[in-house]
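Reckoned from all heavy atoms, side chains included, excluding hydrogens, waters and symmetry mates.
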Amino acid sequence: RRRDVHIVMYLGYFLVATQFLYDQSLPMILYLGATSWALTIMLIAAHQARPPTTPWRYARQAGMLLLQALPVMLVLFVLFPRLAGPLWRLPDDARGATTGLSDTMSPGTITHLSQSGGVAFRVDFDGEPPLPQERYWRGPVLSSYDGRTWRQAAVAPTTPPLVQQRGAAVRYSVQLEPHSRRWLFALDAPLALPAGARWGDGLLLEAASPIYERRFYTLSSSPQYRLETHLTTAMRARYLALPDDAHPKARALAGEWRRRGLSDQELLATAAEFFRSHPFVYTLTPPALPYDPVDQFLFDSRRGFCEHYASALTVLMRAAGVPARVVTGYLGGEMNPLGNYMIVRQSDAHAWTEVWLQGQGWTRVDATGFIAPHRIEHGLADALPAGEPVPLLARSGGLLKRLNLQWDAINTGWNRWVLGYGPELQQQLLSRVGLGRWPQMIAALGIAMAVTLGLVALLLLRNRHRSDDPLADNYARYCGKLARRGLARASGEGPHAYAARVAAARPDLATQVESITALYSRLRYGAAGSSTQEVAELRRRVREFAP
């Protein structure tokens with residue numbers, strides 16, 4: 001029945017609105033816009049006295065209704081006060097699955113993540129981006145170790161980490177994708193906290209709550225720095241700890257180095273030479289290491305990914321008496337020339353080692369660079385042997401890659417200016433025009449709504465008397481032009497009689513008047529009717545008629 005049809009239509013609009021709770025991407029917006037248009041077509045058809053068999057005849061009318069709503073939507077979007085948080089929350093199990101780094105690292109974890117082409121975050125730099133070898137994006141710092149798995153230590157820093165800036169700072173803005181953790185990735189090393197963040201262990205930046213929505217923040221970092229040039233006794237013990245029964249061969253090798261009387265810097269150089277002088281291979285397909293992941297890697301397989309090298313070097317340094325820890329994050333990033341911003345993908349996930357050296361503090365040592373320096377300077381694809389399963393979007397060149405960059409630029413603009421239009425951005429925008437306070441914002445909203453609705457109403461009133469007959473509209477326009485020159489058409493005067501009177505009064509217009517009148521009469525009263533091309537011809541002649 002008609003009532004049932006109306007209920008189904010309104011439920012359809014409600015379902016369209018609920019989809020925004022789950023997905024606000026640009027493709028979904030386009031899809032829901034098309035759905036709203038189709039629902040409006042059917043709703044108009046359902047209100048007719050005799051519903052038509054082809055409701056698509058109302059497509060244009062439905063489109064005009066939606067277009068009339070656009071000005072109201074824009075005013076509400078810009079001026080309606082934004083709240084710092086949702087009006088309600090979805091249950092945790094309703095959130096989409098996310099991918100990213102974990103708070104643990106064992107053989108194979110980053111290897112698996114590096115085969116994903118998903119975006120981790122995007123970066124806008126205030127000036128030139130840092131050099132490729134400086135693009136280390138700091139994430140969780142892992143210092144607790146059980147012989148196979150590295151974990152974050154269950155400690156909270158009591159004071160902010162001491163970072164001494166050396167060289168020029170880099171300012172940038174990050175658009176972080178949801179990853180259901182608290183981590184905020186930063187170029188190593190961040191100099192200050194962004195709004196709403198706190199310091200975690202090992203210079204990690206943490207948000208106040210897990211990141212389930214896209215997050216925007218601004219940072220300043222120093223690629224050259226000194227970090228914590230003093231270690232307490234408790235911290236030194238934590239960064240030297242190793243399981244008693246783990247990695248006997250690695251312990252023996254490190255003990256031999258230490259018995260030579262080498263300094264910490266010399267021990268580090270000896271470890272680097274060990275990796276370079278043996279046939280180690282950097283690969284995404286390392287063999288399983290079921291018994292001892294460090295000893296089997298160092299002395300048997302010698303095939304591994306970044307987590308194998310970082311873990312092995314950290315164990316060797318600790319066994320030799322040098323404080324060390326594992327840092328996970330991302331290395332690299334690809335500039336998108338269409339938007340002049342950097343894309344950091346999950347395939348850029350990486351792990352490296354930090355060792356503490358007297359007088360220098362924590363120093364980054366990337367053991368991957370001993371074996372595959374191309375990984376640091378040129379990215380993942382250039383560092384792997386031929387035939388490795390490299391993600392398609394991690395490779396350079398190709399039509400698909402260019403199309404992906406174009407789409408990413410469009411999507412990034414949508415995320416930044418539409419989805420990212422929150423309380424902070426609204427406050428910044430409206431403060432520039434003197435509407436930074438709530439009373440001013442609400443007053444502007446009321447005035448803008450009144451003006452917008454008034455303009456829409458005037459537009460509708462203007463078109464209220466417009467005929468659906470294009471022939472009548474064009475002929476009326478032709479008569480109006482003559483009326484403004486003192487030759488108004490009399491009531492009941494036929495087209496040819498009117499044309500004869502005009503030609504007698506204005507002989508200079510006789511040719512045009514007779515041409516327009518003859519075409520109009522044939523289209524209006526002829527048996528063949530009028531075609532679209534002929535109506536267009538009449539419109540053209542009337543438009544060019546300038547008495």
Atom CZ of R540: over 12 foreign heavy atoms under 6.0 Å: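 Yes, because the 6.0 Å sphere around CZ of R540 holds more than 12 heavy atoms from other groups.
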
Heavy-atom neighbours of E128 CD exceed 12 at 6.0 Å: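 Not buried by this count: 12 neighbours or fewer within 6.0 Å.
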
Parallel, tilted or perpendicular: ring planes of H179 versus W183, cut at 30 and 60 degrees: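 The arrangement is parallel - the two ring planes meet at less than 30°.
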
Qualifying residue, where the test is side-chain hydrogen bond (donor to acceptor under 3.5 Å, both in side chains) with Y330 and the options are Q346, R345, R138: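 That would be Q346.
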
Inter-residue atom distance [X].[atom1] - [Y].[atom2], 0.5 Å rounding:
X    : Y    : atom1 : atom2 : result
W137 : H350 : CH2   : NE2   : 14.5 Å
D126 : Y172 : CG    : OH    : 11.0 Å
Q68  : L70  : CD    : CG    : 10.0 Å
F185 : L176 : CZ    : CG    : 7.0 Å
W352 : E307 : CH2   : CD    : 13.0 Å
L76  : M73  : CG    : CE    : 9.0 Å

Residue list, side chain to side chain donor-acceptor pair (under 3.5 Å) with T40, at least two apart or on another chain: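 Listed in chain order: Y13.
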
Ion pair check, D408 and R122, cut-off under 4.0 Å: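 Between R122 and D408 there is a salt bridge, with a charged N closer than 4.0 Å to a carboxylate O.
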
R524 with D469: basic N within carboxylate O range, under 4.0 Å: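 Salt bridge flag = yes for D469 with R524.
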
Please check: side-chain N/O of [X] versus main-chain N/O of [Y], any donor-acceptor pairing under 3.5 Å?
X    : Y    : answer
Q426 : V78  : yes
W37  : A59  : yes
N411 : W407 : no
T18  : L15  : yes
R215 : Q175 : no
R135 : P130 : yes

Y282 and T368: side chain donor to acceptor below 3.5 Å: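 Distance-only check fails for Y282 and T368.
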
Ring pair (Phe, Tyr, Trp, His ring centres under 6.0 Å) partners of Y475, counting only residues at least two apart: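 Scan of Y475 (ring pair (Phe, Tyr, Trp, His ring centres under 6.0 Å), adjacent residues dropped) gives Y478, Y520.
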
Pairs touching residues 416-437 that satisfy ring pair (Phe, Tyr, Trp, His ring centres under 6.0 Å), sequence neighbours left out: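 Checked against ring pair (Phe, Tyr, Trp, His ring centres under 6.0 Å) - neighbours excluded - the pairs reaching residues 416-437 are F77-Y421.
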
